[in-house]
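Below you'll find the structure, written out as structure tokens, and then a few comments.
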Number of protein chains: 2
Amino acid sequence: MAGAQPNARSRLVDAAIESFAAKGFHGTTTRDIASAAGMSPAAVYVHHKSKEELLYLISKEGHERTLRLVEDGIASSADPVAQLRAVMHAFAAHHARGHTGARIVNYELAALNDEHLAEISEYRRAIERRMRDVVTAGVTAGVFATSNPRMTALALLSLGIDVARWYRDEGDWSPEDIGDHYCELALRMVGAASP
Amino acid sequence: MAGAQPNARSRLVDAAIESFAAKGFHGTTTRDIASAAGMSPAAVYVHHKSKEELLYLISKEGHERTLRLVEDGIASSADPVAQLRAVMHAFAAHHARGHTGARIVNYELAALNDEHLAEISEYRRAIERRMRDVVTAGVTAGVFATSNPRMTALALLSLGIDVARWYRDEGDWSPEDIGDHYCELALRMVGAASP
DNA sequence: GCTGCACGGCTAAGCGCTTGCTTAGTGGTA
DNA sequence: TACCACTAAGCAAGCGCTTAGCCGTGCAGC
């Protein structure tokens, strides 16, 4: 019936993101994904090896983007205060704007197979390390003051990640609003000197 | 073979908590639950109406406990600073200690049916209202200072909830450690005067 | 104190359906 | 004619849940 669609593969990925985010990996059937992409169930397997690999693809892409975003924030300045501001703003706004994908990235790790999970965990450790480094750099420089830099760094990421859980597009706040306020919260959490 | 077990019903609930937390509601089969409780698949339906109702039971119990915990923290004092300290300590420590159940409470809402979800959502709104009231009371009293009390209150709950996602029993920190540090973070987030 | 039997917790077996995925083939393009 | 994107049909396995019946227990009648 339909001829070749040049973007069928990515349409399937988009459909999978929508479905996994709404119903979870195990709550989504390959038929859900196919019909959300406007194709027959078999089309999924023309373009992708398995349902799990589709999840891995989404998870990997999402983690890469998040790591890049954190690294860009750090690279934007040599000052820990400015770094934290940049990272937290981008991180929180991203988890609001991209909450659909971010839900999969953060809440469907257990559905990955062992090999894929090991690879994805590496990204997560890298992200945590980057944030920890920003906080400890600020403490060392005397511009931050916190009794437990490691837990504080984890809490900063945790706070940003959880935005993906509660954020709604129809809500009162834009991703930008959230980025702004979370910036203020982050600076307070690390005990940065008041402006 | 086996005789009557007086606690079979609650053993099935415990098994469901373990299974749902580890593999998610849709990733868990009724056979998983039964065998984790040391029973045959049919035993689940002797004591519970359906798999969904088992989830509802766990979710309701968990939400009740969380709401009570927040209310107890507020009732412990008339001072917003002391109230926030009590609530945040209990809330964060609870999400660490009870991370297994808390994961179901916070991440499996979408698997509830419409009627059950409506009931559970009422609990969540009540919890949010309580936290918002503490923050606004502090702002009104002049002991807290934040540019967006509503978002700050949501962030406080969000921070506590996400503990359930990342906390591991084998980690370096006890629930008490987390309660202590999250207290400090919370007071900073609301802009409480330094001690 | 013993027997017979109703009761209720639990299981073996399996029903109808859905799952992830495969196979064989169709139809448009070059 | 060869190719490629895609589908119709369906397979084996696993799903939530039901049914029929077993077995240990407790109690009425003797």
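Letters A, B, ... mirror the listed sequences (proteins, then strands); counts begin at 1.
- If you check C:dC21, C:dG9, D:dC17 against the side chain of A:Ser50, the one that comes closest is C:dC21.
- A salt bridge links A:Asp172 to B:Arg150: one of the charged nitrogens lies within less than 4.0 Å of a carboxylate oxygen.
- Nucleotides of DNA chain C nearest to B:Ser40 and A:Tyr45 differ in position, and the one nearer the 5' end is that of B:Ser40.
- Residue A:His47 has a polar side-chain atom (N or O) positioned under 4.0 Å from OP1 or OP2 of D:dC6.
- Per the geometry, CZ belonging to B:Arg11 stands 12 Å off C1' belonging to C:dG9, to the nearest Å.
- For B:Arg9 and C:dC10, the CZ to C1' distance is 16 Å, given to the nearest whole Å.
- One can place CD of B:Glu53 at 15 Å from C1' of D:dG16, the figure rounded to the nearest angstrom.
- Rounded to an integer number of Å, the gap from A:His48 NE2 to C:dT22 C1' is 17 Å.
- Rounding to whole angstrom units, CE of residue B:Met39 and C1' of C:dC10 are separated by 8 Å.
- With respect to A:Glu71 and A:Arg68, no salt bridge is recorded, no charged nitrogen being found less than 4.0 Å from a carboxylate O.
- In this structure, the CG atom of A:Asn7 is 14 Å from the C1' atom of D:dC6, given to the nearest Å.
- Residue-to-nucleotide proximity on DNA chain C shows that, of A:Ala42 and A:Thr29, the 5′-proximal contact is made by A:Thr29.
- Across the protein-nucleic acid pair, B:Leu54 atom CG and D:dC17 atom P stand 10 Å apart, rounded to whole Å.
- If you check distances only, the side chain of B:Arg31 never reaches the base of D:dG14 with a donor-acceptor pair under 3.5 Å.
- Seen from the ring of A:Phe25, A:Lys51 counts as a face-on cation partner, given the 6.0 Å and 45° thresholds.
- Following rounding to the nearest Å, A:Asp32 (CG) and C:dC21 (P) show an atom-to-atom distance of 14 Å.
- Between B:Glu61 and B:Arg65, at least one side-chain nitrogen of the basic residue sits less than 4.0 Å from a carboxylate oxygen of the acidic one, meeting the salt-bridge criterion.
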